[in-house]
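Some notes on the structure that comes next.
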Amino acid sequence: MRADELLVLVAGGDQRAFEDLYTLVSGPVYGLVRRVVRDPAQSEEVAQEVLLEMWRSAARYDPGRGSALSWILTLAHRRAVDRVRSARAAGEREQREALRAGEPAFDQVAEEVEAGMEREWVRRCLRRLTDLQRQSVTLAYYDGYTYREVAERLALPLGTVKTRMRDGLTRLRECLGGAA
């Protein structure tokens, strides 16, 4: 059965038709909502709200004005946009309140704390490298030098620098893996 026929049956209270319609449209609804909202958990929540709204307002569907899928996806798009606007407005209210109070917004404070913790973790991991590994990684990733420039600055063969960099980055990755 097509979505149009199923939606007409849903408008009459047919639960089996709703189950079939749900199966048919839940994927496209979630996909559309996900593209607008972006956050997976929020997208799931909005998609469920849309599908519930589909059940409650199926009687408002007019087959003469377009397909059932278009009507349902319009519901989904409107609900997703509303969610994004609501979240944006809440964030703006929070920032205005923080400015009035003379304090940075919570998210800003949390991000600064998290960034500080990450920097400290990276410093600890860098201290675990050999001197040559640490120098090579620091010159390349903090100072922006190429491997060849690092080799010239340290007066070492290019192959040696590449090996030390590879080993150092492997050790860093292993060390930082414990930070997650």
Side-chain angles (χ1 to χ4, degrees), residues 22-52 72-180:
Y22 183 100
T23 301
L24 186 65
V25 301
S26 60
V29 165
Y30 177 76
L32 174 77
V33 169
R34 180 79 163 86
R35 283 191 299 279
V36 174
V37 176
R38 294 204 172 110
D39 177 73
Q42 291 282 326
S43 297
E44 288 176 13
E45 189 175 310
V46 171
Q48 286 301 318
E49 291 171 6
V50 168
L51 295 167
L52 184 59
I72 295 165
L73 291 178
T74 299
L75 292 177
H77 186 263
R78 287 179 182 159
R79 182 64 63 109
V81 168
D82 287 347
R83 177 63 62 99
V84 169
R85 286 180 180 155
S86 175
R88 184 175 298 139
E92 289 170 0
R93 277 192 306 275
E94 183 180 299
Q95 285 182 336
R96 280 193 306 272
E97 286 300 316
L99 287 174
R100 263 189 232 130
E103 300 171 0
F106 172 76
D107 288 342
Q108 181 182 349
V109 172
E111 287 175 14
E112 287 176 15
V113 168
E114 188 174 326
M117 291 170 59
E118 288 173 356
R119 280 192 298 273
E120 181 55 34
W121 194 273
V122 170
R123 281 188 203 108
R124 281 189 204 143
C125 291
L126 279 170
R127 286 193 294 265
R128 293 181 182 178
L129 301 180
T130 67
D131 287 340
L132 184 54
Q133 289 171 338
R134 186 174 37 261
Q135 287 174 323
S136 300
V137 169
T138 302
L139 286 171
Y141 288 91
Y142 288 99
D143 297 336
Y145 290 105
T146 65
Y147 284 13
R148 185 172 308 287
E149 292 168 333
V150 170
E152 289 170 4
R153 288 190 57 92
L154 297 177
L156 293 169
L158 180 60
T160 301
V161 168
K162 286 183 177 182
T163 300
R164 296 305 178 264
M165 290 278 288
R166 186 190 68 237
D167 294 346
L169 291 173
T170 299
R171 288 179 67 187
L172 273 176
R173 187 178 313 114
E174 290 169 359
C175 181
L176 292 172

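Quick note: numbers below take in every heavy atom, side chains included, and nothing from hydrogens, waters or symmetry partners.
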Contacts table for residues 73-80: side-chain donor-acceptor under 3.5 angstrom, sequence neighbours left out:
from, atom 1, to, atom 2, distance (Å)
T74, OG1, S70, O, 2.7
R79, NH1, E49, OE1, 3.1
R79, NH2, E53, OE1, 2.6

Can we say E44 and R83 salt-bridge, meaning some charged N sits less than 4.0 Å from an Asp/Glu carboxylate O? no
Is it true that atom CZ of R127 has more than 12 heavy atoms of other residues, nucleotides or ligands lying nearer than 6.0 Å? yes
Decide yes or no for E120 and R123: does some side-chain heavy atom of the first lie under 4.5 Å from some side-chain heavy atom of the second? yes
Are the side chain of T160 and the backbone of L156 linked by a donor-acceptor contact shorter than 3.5 Å? no
Closest non-hydrogen atom pair, R38 against S43: N-OG, 4.0 Å
For V150 and A140, the nearest pair of non-hydrogen atoms, with its separation, is CG2-N, 4.0 Å
Go through it in stages, so that I can follow the logic: the residues are L51 and V25, the test is side chain to side chain contact (heavy atoms under 4.5 Å, CB included), and I'd like the CA-CA distance, side-chain angles, deciding distance and then a yes or no. CA-CA 9 Å; L51 295 167; V25 301; 3.9 Å; yes
Under 4.0 Å between a side-chain nitrogen and a carboxylate oxygen: does that hold for R171 and E174? no
Using the test side chain to side chain contact (heavy atoms under 4.5 Å, CB included), find all partners of E149 that sit at least two apart in sequence or belong to another chain. Y145, T146
Backbone N/O of R166 and side chain of T170: donor-acceptor pair under 3.5 Å: yes
Listed partners of R96 passing side-chain hydrogen bond (donor to acceptor under 3.5 Å, both in side chains), at least two apart: none
Compare every heavy atom of V33 with every heavy atom of A47, then report the nearest pair and how far apart it is. N-CG1, 4.3 Å
Residue pair Y147 / L169: nearest heavy atoms and the distance that separates them: OH-CD1, 4.5 Å
Has the side chain of R134 got a donor or acceptor atom that lies under 3.5 Å from a matching backbone atom of L129? yes
With Q135 via side chain to side chain contact (heavy atoms under 4.5 Å, CB included) - residues at least two apart: L132, L154
What pairs with T138 under side-chain hydrogen bond (donor to acceptor under 3.5 Å, both in side chains), at least two apart in sequence or on another chain? none
Output the distance between atom CG (L52) and atom OH (Y22), rounded to the nearest 0.5 Å. 10.0 Å
Kindly write out the residues that satisfy side chain to side chain contact (heavy atoms under 4.5 Å, CB included) with P40, not counting sequence neighbours, or none if the list is empty. Y30, R34
So, taking the atom named CD in E94 and the one named CD in E97, what distance separates them when rounded to the nearest 0.5 Å? 9.5 Å
Out of curiosity, M165 CE to S136 OG, how far, rounded to the nearest 0.5 Å? 6.0 Å
I'd like to check V81 versus V84 (side-chain heavy atoms, cut-off strictly below 4.5 Å). Are they in contact? no
